[in-house]
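When a ligand or atom number is given, it counts from 1 through the structure's own listing order.
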Amino acid sequence: MKVKVRKAVIPAAGMGVRFLPATKAQPKEMIPIIDKPTIQYVIEEALESGIEDILIISGRGKRAIEDHFDHAPELEAHLAAKGKEAALTAVRRISEMGNIHYVRQRRPLGLGHAVGCARAFVGNEPFAVLLGDDIVRSAVPCLKQMLERHAELGGSMVAIEEVPREEVSKYGVIRGEEVGPQVYRVNDLVEKPPVDQAPSRLAVMGRYLLDPRIFDLIEETEPGAGGEIQLTDALRKLVREQALYGYRFEGQRYDVGYCLGYLKATVDFALEREGVREPFLDYLRRKLL
Ligand code: G1P
């Protein structure tokens, strides 16, 4: 019998170097798209996909994340006294979102190492990993799409997307064969390959469903690209033992960890927001004339 995926891990210990100076004194995960921190979008995706427990891999300078998902008694009392019911409801809702746990990655040794910090929390069951730089706008949450396929296929799974050739060096890239609609069986994968050495244009996006065997493999993984312990390198070992699938999800992905991706997400989300859409469109129209 296949085991249900109940737990998710969100690595959030990175220093946010691509978004300096905004991330000098605040976590990049707290930078908002319109009025909601990016990490909240990711947590909502996990919860809407049926995940019950979430572990945030935190680090130095990341306390604002914990405060965000906790109660804020003074703020709540202030909003209640002023009769600001809508704001009060929104603030309370955040502190009641799912079971969120924290562990610190004490040294910045890479994504693979960060995921390794989740071992005690995850135990011996399959789990999800969601990276906060990738936000997906879709009718069915990206993780839910993956979980549905995973329930049929078993094994481990990474979300993939075709990217322009000149962008492959920003990602983990798979080599695989298509084995069904939107599904590839992965034979190998490479972290941030030079353009001329990439095995395909199918890049790994920040959603993973992993077998707990990955923890042993992470422990055996030496530093790779950028001198960091890479999750991709541990996955490369997993492929030799077990099935790993690449799933081409439906939806629009934004890399909100850099300026242009962040701006695109902001514009698209603003154009969907009631009360913002029309005046914002007017503004854009005038700008583009
Ligand atoms: C990480 C992974 C990479 C993946 C990417 C997706 O890279 O190491 O394999 O393709 O996320 O966003 P990072 O963006 O942390 O450099």
- Item | For Thr232, the ligand 1 atoms whose distance to one of its heavy atoms is below 4.0 Å | 9 (O)
- Message: What protein heavy atom lies closest to atom 16 (O) of ligand 1? Include the residue and the distance to one decimal.
- Response: Lys192 NZ, 2.7 Å
- Note on the structure: With His113 as partner, the option from Ile57, Ile229, Thr221 fulfilling side-chain contact (heavy atoms from CB on, under 4.5 Å) is Ile229
- Looking only at non-hydrogen atoms, which of Arg18, Met205, Glu191 approaches atom 2 (C) of ligand 1 most closely? Glu191
- Message: For His101 and Phe121, take the angle between the two ring planes, folded into 0 to 90°, and tell me which bin it lands in: parallel under 30, tilted 30 to 60, perpendicular over 60.
- Response: tilted
- Note on the structure: One finds that the ligand 1 atoms under 4.0 Å from a non-hydrogen atom of Leu111 are 2 (C), 8 (O)
- Message: Parallel, tilted or perpendicular, judged at 30° and 60°: which one describes the rings of Phe269 and Tyr254?
- Response: tilted
- Message: If you count every heavy atom of other residues, nucleotides or ligands that lies below 6.0 Å from Glu241 atom CD, does the total exceed 12?
- Response: yes
- Looking only at distances, please establish whether an N/O atom of ligand 1 is found under 3.5 Å from an N/O atom of Val204. yes
- Item | Side-chain heavy atoms of Met30 within contact of Ile65, under 4.5 Å | yes
- Look only at the side chain of Glu177 and the backbone of Arg185, and say whether a donor-acceptor pair between them is shorter than 3.5 Å. no
- What atoms in ligand 1 come closer than 4.0 Å to a heavy atom of Gly172? 3 (C), 4 (C), 9 (O), 10 (O)
- Task: Say whether Asp134, considering both its backbone and side-chain N or O atoms, lies within less than 3.5 Å of an N or O atom on ligand 1.
- Result: yes
- Query: Can you name the one residue among Met205, Glu167, Arg18 that meets side-chain contact (heavy atoms from CB on, under 4.5 Å) with Asp255?
  - Reply: Arg18
- Query: For ligand 1, is there an N or O atom under 3.5 Å from any N or O atom of Asp133?
  - Reply: no
- Task: Under 4.0 Å, heavy atoms only, figure out whether ligand 1 is touched by the backbone of Gln230, its side chain, both or neither.
- Result: side chain
- Protein heavy atom under 4.0 Å of atom 10 (O) of ligand 1: yes
- Record the part of Leu131 in heavy-atom contact with ligand 1 below 4.0 Å; permitted values are side chain, backbone, both and neither. side chain
- Message: Is the distance between the ring centroids of Tyr208 and Phe127 under 6.0 Å?
- Response: no
